[in-house]
Amino acid sequence: EVQLVESGGGLVQSGGSLRLSCAASGFTFDDYAIGWFRQAPGKEREGISCFSKSGGRTYYTDSVKGRFTVSSDNAKNTVYLQMNNLKPEDTAVYYCAAAWQIYCESIYYTKGYEYTYWGQGTQVTVSS
């Protein structure tokens, strides 16, 4: 059974940092790309990154580029989202998702269309 479990959310002050984890089971990153998405109250879901181990590529959207970094631990089958210099507008529920055999070549792969499996989300709140 494919499963994604996010953790690491919480409350942080503006300018602070958090690291989110996305633990995967039932598949490996060799075949699946991992996307990070977020949804703030009253707003549409926003894709922020796409990580492809097999493609050797991580794509970041402009809203997080330079502040957020994706990494992975193959032994733990976990992908991380390191979030630095957090701003109040980063407040949202953050989700990771898995897409089979995509390689994150463009912003298209942060839209969510290709993703089959989704985690339950973790809340990130940034206070001003």
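- Across all non-hydrogen atoms, the minimal contact from Tyr117 to Val2 is CG-CG1, 3.3 Å.
- Remark: aromatic rings of Phe51 and Tyr59 are distant, center separation not under 6.0 Å.
- Hydrophobic cluster membership of Leu11, counting Ile, Leu, Val, Met, Phe, Trp and Tyr whose side-chain heavy atoms lie under 4.5 Å apart directly or via other members: none, as it forms a cluster of its own.
- Side chain of Ser106 to main chain of Tyr108: a donor-acceptor pair is present (N/O by atom type, distance under 3.5 Å, no hydrogens or angles).
- Side-chain atoms of Asn77 come within 3.5 Å of backbone N or O of Phe27 as a donor-acceptor pair.
- In this structure, Thr91 and Val124 have side chains that are not in contact, with every pair of non-hydrogen atoms separated by 4.5 Å or more.
- Note: Trp36 CH2 to Cys96 SG = 4.5 Å, rounded to the nearest 0.5 Å.
- Note that CD of Gln120 and CD of Gln3 are 8.5 Å apart. Values are rounded to the nearest 0.5 Å.
- The same ILVMFWY cluster, assembled from side-chain heavy atoms under 4.5 Å apart, contains both Leu20 and Phe29.
- Considering CD1 of Ile34 and CD1 of Ile102, their distance stands at 9.0 Å, rounded to 0.5 Å.
- Taken to the nearest 0.5 Å, the OG atom of Ser52 stands 10.5 Å off from the OH atom of Tyr109.
- Judged purely by atom type and a 3.5 angstrom limit, Thr78 uses its side chain to pair as donor or acceptor with the backbone of Lys76.
- Here the straight-line distance linking atom OH of Tyr32 with atom NZ of Lys53 works out to 14.5 Å at 0.5 Å rounding.
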Candidate pair Arg38 and Tyr94, rule side chain to side chain donor-acceptor pair (under 3.5 Å), full reasoning
CA-CA 4 Å; Arg38 64 186 183 186; Tyr94 282 70; 2.9 Å; yes

Residue pair Asp90, Met83: steps toward the side chain to side chain contact (heavy atoms under 4.5 Å, CB included) verdict:
CA-CA 10 Å; Asp90 293 317; Met83 307 185 295; over 6 Å; no

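- Judged by distance alone, the side chains of Ser17 and Asn84 do bring a donor and an acceptor atom under 3.5 Å apart.
- Within the 4.5 Å cutoff, no side-chain heavy atoms of Glu6 are placed close to those of Leu4.
- Scanning both residues, Ala75 and Asp73, for their nearest heavy atoms gives N-OD1, 3.0 Å.
- The nearest pair of heavy atoms linking Ala33 to Tyr115 is O-CE2, 4.3 Å.
- By the 4.5 Å heavy-atom criterion applied to side chains, Tyr80 and Val70 are not counted as neighbours.
- Residues Ile107 and Tyr113 do not share a hydrophobic cluster, defined by chaining ILVMFWY side chains whose heavy atoms lie under 4.5 Å apart.
- Each of Glu89, Glu46, Lys87 was scored for a side-chain hydrogen bond (donor to acceptor under 3.5 Å, both in side chains) with Ser63, with one residue passing: Glu46.
- Put simply, the side chain of Thr110 never gets that close to the backbone of Ile48: no donor and acceptor are under 3.5 Å apart.
- The nearest pair of heavy atoms linking Ser128 to Ser14 is CA-CB, 4.2 Å.
- No side-chain donor-acceptor contact under 3.5 Å links Thr122 to the backbone of Ser7.
- Here CZ of Phe68 is found 9.0 Å from OG1 of Thr61. Values are rounded to the nearest 0.5 Å.
- Arg57 contributes a side-chain N or O that, together with a main-chain N or O of Tyr103, makes up a donor-acceptor pair within less than 3.5 Å.
- Residues Tyr95 and Gly119 approach most closely at CD2-O, 3.6 Å, considering heavy atoms.
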